[in-house]
4 protein chains.
Amino acid sequence: MSGINKVILVGHLGKDPEVRHLEGNVTVASFPLATSESYNKDGKRIEQTEWHNIVMWRGLADIAAKYLAKGKLVYIEGKLRTRSYEDKEGHKKYSTEIVAENFTLLGRKTDFEPASSSTNQNEETEEMPKPEIGGKYAVDDSENDLPF
Amino acid sequence: MSGINKVILVGHLGKDPEVRHLEGNVTVASFPLATSESYNKDGKRIEQTEWHNIVMWRGLADIAAKYLAKGKLVYIEGKLRTRSYEDKEGHKKYSTEIVAENFTLLGRKTDFEPASSSTNQNEETEEMPKPEIGGKYAVDDSENDLPF
Amino acid sequence: MSGINKVILVGHLGKDPEVRHLEGNVTVASFPLATSESYNKDGKRIEQTEWHNIVMWRGLADIAAKYLAKGKLVYIEGKLRTRSYEDKEGHKKYSTEIVAENFTLLGRKTDFEPASSSTNQNEETEEMPKPEIGGKYAVDDSENDLPF
Amino acid sequence: MSGINKVILVGHLGKDPEVRHLEGNVTVASFPLATSESYNKDGKRIEQTEWHNIVMWRGLADIAAKYLAKGKLVYIEGKLRTRSYEDKEGHKKYSTEIVAENFTLLGRKTDFEPASSSTNQNEETEEMPKPEIGGKYAVDDSENDLPF
DNA sequence: TTTT
DNA sequence: TTTT
């Protein structure tokens, strides 16, 4: 109860989204996102880049697979989730991810062409409408916390 | 294109939600929300309260009618919208509202009983589940900006 | 007490910042910001633009005067404030503004040259460092709500 | 360049803040924060709690040491930072933390008494003013990314 | 009044 | 591994 868990990021994709299809026709897309900030330290300009693991599920993953690609600038809203797992040597590890809830493409017009990287090229591209420049993409996951 | 318009508020309702039913079975709920902040000025503690006009549509309005009431503490996410209209004397006026997209009840447990104020009392109360303490309420308005 | 009043916007300036200097060497900058979103209605693509009145004070206003200009894409964080005033005919009016707390320039590289519009051209430009692309600009207004 | 890295949390402290004093009179406070959400799955109410590692520096850490304690409800704004380190066995590990930039106490009035847990009890308590209920605590870290 |  |  009583909780807000919200992340807002604007950054560039470090790689094309990696798309996997799970049982039950569930799509998952994931990619690293860089958010950089710069500041002065001792008179020198320092740029610090933070890398975030972004995960998108179902419909949002499908859209990500079509429109997002390495280098694109994107606004992402989501929530933090930390998973624990064991690596191959059996050591417990933690991974913190941002589970995206919606995203908006930002940046120049040429960024708004459908992505054509090896990861997400496919024949259905023509059936997909052009992404609205700056359009917000969100998908109802039927996980709405409604009281009925 | 290229736009983010997001408001995040935590505050108390100044009144019970006012609920109206428009043609097409559309519900609208609206209420004032106070967000206060305090700061020191010239050694004196100043408390400044800002009032916001909150509007909720459709399913979210229905939920608001059940669970929100004067005095409750609530987290609200939404977007800004400024409407212009003419008052009775024909003068053009502007009103800026926050169109809520979701909300979460905060505060003590006793705040989470269904509201029973004159505004939102009705027979269906018993059919409504208890609100989850801190549960997030959001409703898909079928306005998702999906490209298909 | 108990309040959060936060606005997050990404949009384009509709005009150059209008800069005023008040008594006490206080600078105020203000400008309209457009946030647009598009959605489908009845099979047609609708674009809806919302206009926001942005106000920046003191040091932040000085920076805005240098680096912001009509057309630029900017991320802004701030809070809502509604002022009431009387217009020339003596009618009470309300104006809701976003008092900015910090901003970050977004967009293409060419957007990061110092602004040279009529509003903010001045001789001091060369003394100003180049804005960091995507650098965050914030100024401590000595209004921190610290308990001491 | 071009980056926004923002986290907004509302949750309860899982423990009293752990306060450390580094060389140079630098204070660091850290504590776990729980944000819970509940949703329906297969007709059953599921409550899912996410734990976040919160870190506060310098002046903000000092304030946290005074006013925050296990169980308190707090609104926190900050940014994500992932550190890598080697554990005692020499295995590389990652830890994602939220570096807080400001916080606001939420909840009932009785929550706003100075904390008196073992962690943060000390003689200076009387010199500290009462925290404003819902007061926002922020401290300028002299890390402002100003271009001058 | 912005932008695409 | 992004971007400027």
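To find a chain, count down the sequence lines: A is the first, B the second, and so on, and within it residues start at 1.
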Task: Chi angles and distances behind the side chain to side chain contact (heavy atoms under 4.5 Å, CB included) call for S95(C), N53(C) - done: CA-CA 9 Å; S95(C) 171; N53(C) 302 314; 4.1 Å; yes
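As rounded to whole Å, 13 Å separates atom P of dT1(F) from atom OH of Y94(D). Computed from coordinates, the F103(A) CZ to dT2(F) C1' distance equals 17 Å when rounded to whole Å. In this structure, CD of Q48(C) is placed 18 Å from P of dT2(E), rounded to the nearest angstrom. The distance from atom CG of L68(A) to atom P of dT1(F) is 20 Å, rounded to the nearest whole Å. Per the geometry, CG belonging to L33(C) stands 16 Å off P belonging to dT1(E), to the nearest Å. The distance from atom CG of L105(C) to atom P of dT4(F) is 14 Å, rounded to the nearest whole Å. Spacing between atom CG of L73(C) and atom C1' of dT2(E) amounts to 10 Å, rounded to whole angstrom units. At whole-Å resolution of the value, CZ in F31(A) and C1' in dT2(F) are 11 Å apart.
In summary, K92(D) and E86(D) do not engage in a salt bridge, as defined by a charged side-chain N under 4.0 Å from a carboxylate O.
Centre separation under 5.5 Å together with a plane angle under 30° does not hold for the ring of W51(A) and the six-membered base ring of dT2(F), so they are not marked as stacked.
By the salt bridge (charged side-chain N to carboxylate O under 4.0 Å, His left out) test, E50(B) pairs with no residue at all, sequence neighbours left out. D87(C) pairs by the salt bridge (charged side-chain N to carboxylate O under 4.0 Å, His left out) definition with K93(C), not counting sequence neighbours.
Checking dT2(E), dT1(F), dT4(F) against every side-chain atom of K15(A), the shortest atom distance belongs to dT1(F). Checking dT4(F), dT1(F), dT1(E) against the side-chain heavy atoms of P32(A) singles out dT1(F) as nearest.
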